[in-house]
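Here is the structure we will look at.
First listed ligand is number 1; within each ligand, the first listed atom is number 1.
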Amino acid sequence: MSPDMTLAKPTPAFYDPADFDRYVMKTYGRFPIALTHGEGCRVWDAQEKEYLDFVAGIATCTLGHAHPRLIEAVNQQIQTLHHVSNLYYIPPQGALAQWLVEHSCGDRAFFCNSGAEANEGAIKLARKYAHTVRGIENPTIITAKASFHGRTLATITATGQPKYQKNFNPLVPGFVYSPYNDIDALEATIEELDAQTPQVAAILLEALQGEGGVRPGDAAFFQRVRQLCDEKGILLILDEVQVGVGRTGKIWGYENLGIEPDIFTSAKGLGGGIPIGAMVCKSGCDVFEPGDHASTFGGNPFACGVALSVCQMLDEPGFLENVRERGEQLGQGLEAIARQFPDSVVDVRGWGLIRGLEIKQDLELTSIMVVKAAMESGLLLVPAGPKVVRFVPPLIVSQGEIDRALEILTGALSSLV
Ligand SMILES: *Cc1c(COP(=O)(O)O)cnc(C)c1O
């Protein structure tokens, strides 16, 4: 194959929603633009309109678009070895696992391709632990209301939001929900489940609920959960898919809560946009044996080599500091906007570079309306539910870009209220 061989250009170009929808299943509500290229925190659509990207593939493009380190890692790995089976030892997989273990409370990692799949792995591990270590015949996992854990059958069941489950029953047995950040309710739920014989295998929580409306975990709640788990032998699983890998200004979301989970999952930001998921656990609950769990693509040299280069960027001097400083700047800017629009904005919350702005419930104004108005003016944002606008820019975002985003948002809100 000659290196200058060009790829055939598809016809039509699929910039037009009608062309696209003819061939692709309509599982997504899409905005009517087609993004064709990007650089740093900016992306361009097919009409060459420029946008400031505060979605970043939903908290995924850690290093933004076309980052030189990402390009270098992709090139290097694709030219060396991009895929082999887990029938063999895979050095980049070992190196990424080492990075994860050395930068977390975990001891061992399993790799897969997405957040849902990482959570599936955690659910299986917790169930096997319950069966083999604690002798629980019908293990139950408690998750939070308003949570989000993915779109596979087990993870929509784990997700404490009926809208994701509607029409997909029968769901997977063994999940019970309790309100987030509510320790009394959780204790009551455990007591009820464990009344006859121990049944609660694990508690699965997000350190900050992302899809559920950018709701940070309460440190006192999580510390009490940790205590309860220790007392009863229950595993604490943290879903770090959205907040892990530096997004909150710390490498893991749980570091904001003063606790350590037994198992945690990662995906979105881990590969900087290259698909990869990971489940990390402490050695004490690593009950998997050969044959228990697997994934064809999971941990392949390509995904792991690229993810390692993304992770190594977090170790660069000033990288996490930038997340904290820009996060602070964004948070303060949103607070100022809340003060400027007191009749529309009720709350601003989040950690680091995951922030949410909540619109008053009784207003006609919705998060989608704000997102659309901002998009018109060249800023990409994503809703987190009907009333919360979410801000999750690449972690390399600059001071000037945050200023510009706040300026566009102010204009968009002024045009709406
Ligand atoms: C996005 C997300 C998931 C699902 O990840 P996929 O890669 O889409 O499967 C799971 N948990 C949380 C907290 C998420 O934000």
Q) What pairs meet the side chain to side chain donor-acceptor pair (under 3.5 Å) rule with one or both residues in residues 330-341, with sequence neighbours excluded? A)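 For residues 330-341, and leaving out neighbouring residues, the side chain to side chain donor-acceptor pair (under 3.5 Å) pairs sorted by first residue read Glu328-Gln332.
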
Q | Those residues that, when tested against Lys26, pass side-chain hydrogen bond (donor to acceptor under 3.5 Å, both in side chains) (two or more places apart) | A | Asp21

Just list the N/O pairs, ligand 1 to protein, that are under 3.5 Å apart, with the distance for each.
from	atom 1	to	atom 2	distance (Å)
ligand 1	7 (O)	Gly115	N	2.8
ligand 1	9 (O)	Gly115	N	3.4
ligand 1	9 (O)	Ala116	N	2.7
ligand 1	11 (N)	Phe148	O	3.3
ligand 1	11 (N)	Asp239	OD1	3.3
ligand 1	11 (N)	Asp239	OD2	2.7
ligand 1	15 (O)	Gln242	NE2	2.6
ligand 1	15 (O)	Lys268	NZ	2.6

Q. Between CZ of Arg247 and CG of Leu208, what distance do you get to the nearest 0.5 Å?
A. 11.0 Å

Q) What pairs with Asn75 under side chain to side chain contact (heavy atoms under 4.5 Å, CB included), at least two apart in sequence or on another chain? A) Ile71, Gln79

Q. Is the distance between the ring centroids of His83 and Phe302 less than 6.0 Å?
A.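 Not close enough - the centres of the two rings lie 6.0 Å or further apart.
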
Q) Does Glu376 CD have over 12 foreign heavy atoms under 6.0 Å away? A) no

